[in-house]
Number of protein chains: 2
Amino acid sequence: MVPQVDTVRERILTEATRLFGAQGVAGTSIQQVAQAAGITRPTLVYHFGSKEGLREAVLDALMAHWRAEVPRLLSAASAGGPRLDALLLAFFDFFRRDPDRARLLLREALDRPQELALRLRRDLQPYTGLLTQAITVGQAQGLLRADADPHAFTVLVISAALGVVATGADTAALVQPEPSVDALQHELIRVARTSLLPPRPENP
Amino acid sequence: MVPQVDTVRERILTEATRLFGAQGVAGTSIQQVAQAAGITRPTLVYHFGSKEGLREAVLDALMAHWRAEVPRLLSAASAGGPRLDALLLAFFDFFRRDPDRARLLLREALDRPQELALRLRRDLQPYTGLLTQAITVGQAQGLLRADADPHAFTVLVISAALGVVATGADTAALVQPEPSVDALQHELIRVARTSLLPPRPENP
DNA sequence: CCTACCGATCGGTAGG
DNA sequence: CCTACCGATCGGTAGG
């Protein structure tokens, strides 16, 4: 009943996020998580009830973390005016700071698509709504390309950024020479900017 | 010693691809695969030696399938001249015909990044080389934007197409209203085209 | 938060 | 290609 700083619980969640992201939930035993957190397995079960309970707690913590970060990110990016590049760069840095979380999210999209969709709707739609609305307004003002689909564009750019962070270093092996993650990030920003802003004939 | 049409082996590979793609390798027991293929588990082990052997055989078959399809695809797309849209559309249709294979590839990128990178390098670089070279030539002729990074662009577009097919239906829940997979596909093609072709002032 | 214990399932082998 | 069997590991519980 008394709220308190539960460091053991936090340690379990941190290690579970890392291991689930790296190996997947099915590929990770709760024994591994317990050991990484420095406790025994029954203790982990005591805290989270079951492996499924741990999985949901990890996802809850993940979404809570992002719900807290995203607004800070949005305001920081638009501080010097609504610069698209700065926003995308901030999004990228945000994901690159937590590659394990990016991987976990991608895995969840594969393992439990419907459950993840529920969480995205509930937790992140308010913020992405700001993005799609900004694009729509920009289009109405003639500042952005009219042929862009604001909703599809937003989903594509976010999931592409996620994909580059989660799997970019190895999918780069598709071509020779292999582009660095930095190069992929830079190109994604260029692609997004170019396909959203109207053509500027002076810079072909 | 005698090569023959091994339908049991093929049935195992088909079911393994489906189940591994849907649930992951760690989340699938070889018992499940054997049952789906209509045999017993020891029979599966007899054919593939171990679960790890099955995994590698599944990946080999996957890459062989693509190595066989991609050239047909490339020539079909450029039949009516080097039309970028047609090529991207063909790539998309190619992935959408096999969503399980797309998911399996994405999972492998998460589970065994280095091993997948080896296979991509060995099996697909020859074909992606054709793409990057075509872009480079187009740039030299002034037909394509000079600021595009041919290698990063190729990796980004392929992995984005893969991501849309593998997880598009649920990541769409990021925004409201949720774009369809068709809308995501259409927008990715528009984004790719717009960011690769030079600006045409007559169509802002 | 731990020790001790449980049934179920895992991948794999023996032997035919 | 199967039946019968194996040790190891899984998630979870009892009890303190």
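Letters A, B, ... are given to chains in the order of the sequence lines, protein chains preceding strands, and every chain is numbered from 1. Note that the structure is a prediction, hence the values are computed from the model and not measured.
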Salt bridge check: are A:R119 and A:E108 linked by an N-O gap of less than 4.0 Å?
no
Restricting to side chain to side chain contact (heavy atoms under 4.5 Å, CB included), what partner residues turn up for A:T40, sequence neighbours left out?
A:P42, A:T43
How would you list, by chain and number, every residue that makes a side chain to side chain contact (heavy atoms under 4.5 Å, CB included) with B:P113, sequence neighbours excluded?
A:D170
Heavy-atom contacts, protein to nucleotides 3-14 of chain C, under 4.0 Å, summarised as B (base), S (sugar-phosphate only) or - (none) per nt, yield BB-----SBBB-
Under the side chain to side chain contact (heavy atoms under 4.5 Å, CB included) rule, collect the residues that match up with B:E52, sequence neighbours excluded.
B:S50, B:R55, B:E56, B:R112
For residues B:L116 and B:L105, determine if any side-chain heavy atom of one lies less than 4.5 Å from a side-chain heavy atom of the other.
yes
Tell me the interatomic distance from A:Y46, atom OH, to D:dG15, atom P, rounded to whole angstroms.
18 Å
If only side-chain N and O atoms count, and only distance matters, is there a donor-acceptor pair under 3.5 Å linking A:R96 with A:Q185?
yes
Mind checking what makes side chain to side chain contact (heavy atoms under 4.5 Å, CB included) contact with A:T17, not counting sequence neighbours?
A:V58, A:R101, A:L104
Under 3.5 Å for both pairing distances: what stems, at least three Watson-Crick or G-U pairs long, include DNA chain C?
C:1-16 with D:1-16
Considering only NZ, NE, NH1 and NH2 on the basic side and carboxylate oxygens on the acidic side, decide whether A:D100 and A:R18 come within less than 4.0 Å.
no
